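Note: hydrogens, waters and symmetry copies are ignored here, and every other heavy atom, side chains too, is used. Everything quoted here is computed from the prediction, not taken from an experiment. Order of the sequence lines fixes the chain letters, A, B, ..., with proteins taken first and strands second; residue numbering starts at 1 for each chain.
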Number of protein chains: 2
Amino acid sequence: MAFSKKEEFTKEDMWLADIAKALAHPARIRILKILTSMNACMVGNIVEQLPLSQSTVSQHLKELKRVGLIDGEIDGPKVCYCINNKTLSKAKKEMDKLYSIICNC
Amino acid sequence: MAFSKKEEFTKEDMWLADIAKALAHPARIRILKILTSMNACMVGNIVEQLPLSQSTVSQHLKELKRVGLIDGEIDGPKVCYCINNKTLSKAKKEMDKLYSIICNC
DNA sequence: AAGATTTATCGTATATTTACGATGAACGAT
DNA sequence: ATCGTTCATCGTAAATATACGATAAATCTT
């Protein structure tokens, strides 16, 4: 992103852009769907369902966690990930707000 | 993105991820809002309202155009940009669909 | 025709993203 | 205590993204 000038934008636009960035890879969209369909699950379970290595999936999980869209809970040597519905609700709300502003529909 | 494995995902997830990528910068969200508030406008008009150089704004416009969220019409030496409501509607619809799948709200 | 205006593109620098294998850290099981 | 399992992190490579100034291309104005 080089030396980005993001400070010059509103907090709302920056937050939404950040959420959009987290959604900007099909693997991460897939992960959210997987977590929903299984309610919650271990990393290994997610890796199985994606055409990516364990380390790459771990990075995608980290990105989703960074923006708060998912939570990870340590369970022995495993880690159980799940959707963070609070952040997701907020994301939906803000996204709807954006569309209500810019969309004629 | 290195050598991305995006071929292994569904078209829907890839399309949505691509739309999200286009929204993944506050300047581009701002541009969509500006285009809405002014209905349509020239590049210079947009540049005025952003803390970015003309060439950088031009790149952001190109990214929005790439995914079809905006259209540009040449008008003399100027170019008039406007929202593409068709793509935007589809984006909203697909985004809603995603949220309806993954969101408990 | 010459000059001004407008915008896209080029060239460039730096940061970030995506991917992988290898390694390390934490835990459970033997 | 050692071994296997699970996952994050490190190191690395290549592609993209972001930003800018400079330049080119197209069009208006004079």
Side-chain angles (χ1 to χ4, degrees), chain A residues 1-9 13-14 17-31 34-35 38 40-67 70-82, chain B residues 1-9 13-14 17-31 34-35 38 40-67 70-82:
Chain A
M1 222 164 294
F3 43 107
S4 118
K5 284 196 170 173
K6 288 186 180 168
E7 325 75 44
E8 318 251 4
F9 298 100
D13 285 353
M14 286 192 291
D18 214 29
I19 291 292
K21 186 157 74 93
L23 298 177
H25 194 292
R28 293 195 289 266
I29 289 183
R30 193 83 193 80
I31 288 171
I34 291 170
L35 289 183
M38 309 188 69
C41 66
M42 306 298 153
V43 175
N45 243 310
I46 301 168
V47 173
E48 276 175 356
Q49 300 180 59
L50 293 176
L52 297 169
S53 72
Q54 180 265 318
S55 58
T56 301
V57 171
S58 192
Q59 278 184 53
H60 284 305
L61 288 167
K62 193 179 178 181
E63 171 67 7
L64 288 170
K65 204 175 167 188
R66 181 185 66 81
V67 297
I70 65 173
D71 292 314
E73 196 180 343
I74 295 171
D75 172 24
K78 305 184 182 179
V79 178
C80 182
Y81 279 99
C82 63
Chain B
M1 223 165 293
F3 43 106
S4 118
K5 284 195 170 173
K6 288 186 178 169
E7 325 75 46
E8 317 251 6
F9 298 98
D13 285 352
M14 285 192 292
D18 213 30
I19 291 292
K21 186 155 74 91
L23 298 177
H25 194 292
R28 292 194 291 267
I29 290 184
R30 192 83 193 82
I31 288 171
I34 291 170
L35 289 183
M38 309 188 68
C41 65
M42 307 298 154
V43 176
N45 244 312
I46 301 169
V47 173
E48 277 174 357
Q49 300 180 57
L50 292 175
L52 297 168
S53 73
Q54 180 265 319
S55 58
T56 301
V57 171
S58 191
Q59 278 183 54
H60 284 305
L61 289 168
K62 192 179 179 182
E63 171 67 7
L64 287 170
K65 204 174 168 187
R66 181 185 66 82
V67 297
I70 65 173
D71 292 314
E73 196 180 344
I74 294 170
D75 171 25
K78 306 184 182 181
V79 178
C80 182
Y81 279 99
C82 63

Legend entry - Rounded to 10 degrees, the angle between the two terminal axes of the helix from C:dA1-D:dT30 to C:dT30-D:dA1, each from five pairs: 10°
Inset, instruction - Please report, rounded to the nearest Å, how far the P atom of D:dA19 is from the CG atom of B:Leu50. - result: 10 Å
Inset, instruction - Send over the distance from B:Met42 CE to D:dA26 P, rounded to a whole Å. - result: 19 Å
Inset, instruction - Quickly work out the B:Ile31 CD1 to D:dT18 P distance and round it to whole Å. - result: 11 Å
Inset, instruction - Evaluate the ring planes of A:Phe9 and B:His25, with Trp represented by its six-membered ring, and classify them as parallel (under 30°), tilted (30 to 60°) or perpendicular (over 60°). - result: perpendicular
Legend entry - Close approaches to DNA chain C from residues 54-64 of chain A, in residue order (heavy atom, under 4.0 Å): A:Ser55, A:Thr56, A:Gln59, A:His60
Inset, instruction - Name the closest nucleotide to the A:Ser53 side chain, picking from C:dG21, C:dT5, C:dA8. - result: C:dG21
Legend entry - C:dA26 OP1/OP2 closer than 4.0 Å to side-chain N/O of A:Lys78: no
Inset, instruction - Taking the side chain as every heavy atom from C-beta outward, state whether B:Arg66 and B:Asp18 have any atom pair closer than 4.5 Å. - result: yes
Legend entry - Euclidean distance, atom CD1 of residue A:Ile70 to atom P of D:dC7 [Å, nearest integer]: 13 Å
Legend entry - Nearest-angstrom distance from the residue atom CD1 of A:Ile74 to P of C:dG28: 11 Å
Legend entry - Nearest-Å distance for atom pair NZ/C1', residues B:Lys21 and D:dT16: 7 Å
Legend entry - Phosphate contact (C:dT6 OP1 or OP2) by B:Tyr81 side-chain N/O below 4.0 Å: no
Legend entry - Any B:Ile46 side-chain heavy atom under 4.5 Å of B:Met38 side chain: no
Inset, instruction - For the pair B:Gln49 (side chain) and B:Asn45 (backbone), establish whether a donor and an acceptor sit closer than 3.5 Å, ignoring hydrogens and angles. - result: yes
Legend entry - 4.5 Å side-chain heavy-atom contact, A:Ile19 and B:Leu23: no
Inset, instruction - State which of D:dC7, C:dA19, C:dG28 makes the closest approach to the side chain of A:Leu52. - result: C:dA19
Inset, instruction - Return the minimal non-hydrogen interatomic distance between B:Leu35 and B:Cys41, and the atom names on each side. - result: CD2-SG, 3.8 Å
Inset, instruction - Would you indicate whether the side-chain heavy atoms of A:Leu50 and A:His60 approach each other to under 4.5 Å? - result: no
Inset, instruction - To the nearest Å, give me how far apart CD (B:Glu73) and C1' (C:dA8) are. - result: 17 Å
Inset, instruction - In whole angstrom, give the distance that lies between atom CZ of A:Phe9 and atom P of D:dA19. - result: 7 Å
Inset, instruction - Mark yes or no for whether A:Arg28, through its side chain, and A:Lys21, through its backbone, hold a donor-acceptor pair below 3.5 Å. - result: yes
Legend entry - For B:Ala40 against B:Cys80, the heavy-atom pair lying closest together: CB-SG, 3.7 Å
